[in-house]
Amino acid sequence: MSDARPEYPTALGASSRDGITLLGTDLARDVMGEVGFGELAFWLATQRRPTLGETRVFEAVLAALADHGFTPTAIVTRLTYLSAPDSVQGALAAGLLGGGSRFLGVTEDCGRFLHDVLTGVDGELPADDTGWDALALETVTAQRAARRFVPGLGHHVHKDGDPRTPRLFQIAAEEGLLGPHLSLFAAIGRVHPQVLGRTLPLNGAGVCGAALADLGLPMELLRGFALLARTAGLIGQLAEELRHPVANEVFLSVDLNNRSVAPDPYVPEPLPAHESSDADGGRHG
């Protein structure tokens, strides 16, 4: 029998008796106190150390997504903590599990949508605003014809413009990182009224997805970065709940104001009619 032990290669954290390495560096000497958390998160995901400009854009995205008030993710975190104050991890997990297509998941949806459009371009990408506007017009028109939403368009609160959006465009431009995803997203903002007949804001979650895609981060992980940011926000929600609790009032507001109504039975959608076996002389068993 062979005495060889299995090996599990990793470039991430590894420990020995007298040290810990992380990304090919000494954790204690080269990372702790030397590398900021945002920079480290980028480095862990890409296994390359980001430039100062990339770190600034990435951390701006994290700040933009950290907290946005009493969203469902924040409310469920507070309510879960009210129900199980011995389970901080459960309260945080409950909030993160709500990161989907309506909240937080838009970051990934928008990044993927823009990326799919760009990879489907036949030939070179546009070189100026005129070219980007033409591509955006074609894109929005196709979405409208297919009765599909354009990810990143619209916001339930910021009807006149999401303040995060122009700021992130500005930061990316200052760092020379306003790439094709952000360029296409900006063009969608300019041309969509021609197709939709109304003006919708480019929302913060969408611009964050475009910025993350321009940083070259994996499309499959874009929602993960939104969840990373929101984790900090949910910890803040719990910290405030400890000092100024509102979860019990939210619970009682619903519980004490419920209204009993008659049952409304579920009726399955009818299936297409099928031909009876009697029509062709079939027999009943």
Looking at Gly206 and Cys110, what are the two nearest heavy atoms and their distance?
O-SG, 3.5 Å

Over 12 non-hydrogen atoms of neighbours within 6.0 angstrom of CG in Asp160:
no

Thr77 and side chain to side chain contact (heavy atoms under 4.5 Å, CB included): which single residue from Leu82, Leu234, Leu96 fits?
Leu234

Could you please spell out the steps behind the side-chain contact (heavy atoms from CB on, under 4.5 Å) verdict for Phe70 and Arg78?
CA-CA 10 Å; Phe70 282 110; Arg78 289 190 184 230; 3.6 Å; yes

A quick test of your reading: do over 12 heavy atoms of other residues, nucleotides or ligands sit less than 6.0 Å from CG of Leu52?
no

Are Val250 and Leu238 in one and the same hydrophobic cluster, where Ile, Leu, Val, Met, Phe, Trp and Tyr link if side-chain heavy atoms are under 4.5 Å apart?
no

Minimal non-hydrogen separation, Leu228 against Ala41, with atom names
CD2-CB, 3.8 Å

Taking side chain to side chain contact (heavy atoms under 4.5 Å, CB included) as the criterion, tell me which of Ile188, Thr139, Val140 meets it with Val195.
Val140

With side chains defined as the heavy atoms from C-beta onward, is the minimum distance between Asn203 and His158 less than 4.5 Å?
no

Any donor-acceptor pair under 3.5 Å linking the side-chain atoms of Gln237 with those of Glu241?
no

When clusters are formed by joining ILVMFWY residues with side-chain heavy atoms under 4.5 Å apart, either directly or through shared neighbours, do Leu221 and Leu114 land in the same one?
yes

Please assess Val57 against Asp214 for the test side-chain contact (heavy atoms from CB on, under 4.5 Å), listing each intermediate value before the final yes or no.
CA-CA 10 Å; Val57 172; Asp214 273 346; over 6 Å; no

Please tell me if the side chains of His181 and Leu184 come closer than 4.5 Å, counting only heavy atoms from C-beta onward.
no

Can you tell me how far the CZ atom of Arg144 sits from the CZ atom of Phe149, to the nearest 0.5 Å?
10.5 Å

Do you know the tightest heavy-atom contact between Cys208 and Ala64?
SG-CB, 3.8 Å

Are any non-hydrogen side-chain atoms of Thr55 and Phe42 less than 4.5 angstrom apart?
no

Full working for salt bridge (Lys or Arg N to Asp or Glu O under 4.0 Å) between Glu54 and Arg48
CA-CA 11 Å; Glu54 288 173 328; Arg48 69 172 181 84; 2.9 Å; yes

Out of Val191, Thr141, Leu153, which one pairs with Leu196 under the side chain to side chain contact (heavy atoms under 4.5 Å, CB included) rule?
Leu153

Applying side-chain contact (heavy atoms from CB on, under 4.5 Å), run through Gln47 and Leu12 and close with a yes or a no.
CA-CA 8 Å; Gln47 297 197 12; Leu12 303 178; 3.9 Å; yes

Would one find more than 12 heavy atoms of other residues, nucleotides or ligands at under 6.0 Å from atom CD of Glu174?
yes

Grab the two heavy atoms, one from Phe169 and one from Leu182, that are nearest each other, plus how far apart they are.
CE2-O, 3.4 Å

Mind checking whether Thr25 and Trp43 have side chains closer than 4.5 Å, heavy atoms only?
yes

Value rounded to 0.5 Å, distance of CG in Leu125 from OG in Ser183
9.5 Å

Closest non-hydrogen atoms of Pro193 and Arg190, given as atom of the first, atom of the second and distance, are CD-O, 3.7 Å

Glu108 side chain near Glu220 side chain, heavy-atom distance below 4.5 Å:
no

Looking at CG of Leu79 and CZ of Phe251, how far apart are the two atoms once the value is rounded to the nearest 0.5 Å?
9.0 Å

Say you draw a straight line from CD of Glu249 to CG of Leu256; how long is it, rounded to the nearest 0.5 Å?
11.5 Å

So, Thr73 and Arg230: side-chain donor and acceptor under 3.5 Å apart, yes or no?
yes

Which pair of non-hydrogen atoms, one from Arg259 and one from Val261, has the smallest distance, and what is that distance?
NH1-CG1, 3.3 Å

State yes or no: do Met219 and Phe113 share one hydrophobic cluster built from I, L, V, M, F, W and Y residues joined by side-chain heavy-atom distances below 4.5 Å, directly or via other members?
yes

To the nearest 0.5 Å, tell me how far Glu240 CD sits from Ile235 CD1.
14.5 Å

Pair His192-Thr199, side-chain contact (heavy atoms from CB on, under 4.5 Å): steps then yes or no:
CA-CA 7 Å; His192 76 269; Thr199 300; 4.3 Å; yes

Distance (rounded to the nearest 0.5 Å) between Met32 CE and Leu22 CG
11.0 Å

Compare all side-chain heavy atoms of Thr107 with those of Leu65 and state whether any distance is below 4.5 angstrom.
yes

Strictly distance-based, threshold 3.5 Å: is any side-chain N or O of Thr165 a donor or acceptor partner for the main-chain N or O of Leu202?
yes

With a 3.5 Å distance limit and no angle check, can you tell me whether Asp162 reaches the backbone of Gly204 through a side-chain donor-acceptor pair?
yes

Ignoring hydrogens and angles, tell me if any N or O in the side chain of Ser16 forms a donor-acceptor pair with the backbone of Gly19 under 3.5 Å.
yes

Asp30 side chain vs Leu27 backbone, donor-acceptor pair below 3.5 Å
no

Would you say the rings of Phe225 and Phe58 are close, in the sense that their centroids are separated by under 6.0 Å?
yes

Are side-chain heavy atoms of His68 and Arg164 found at a separation under 4.5 Å?
yes

Applying the 4.5 Å side-chain criterion to the ILVMFWY set and letting contacts propagate, would Tyr81 and Leu97 be lumped into a single cluster?
no

Flag yes if Leu200 and Leu137 sit in one hydrophobic cluster, no otherwise; membership is Ile, Leu, Val, Met, Phe, Trp, Tyr, and two members link when side-chain heavy atoms are under 4.5 Å apart.
yes

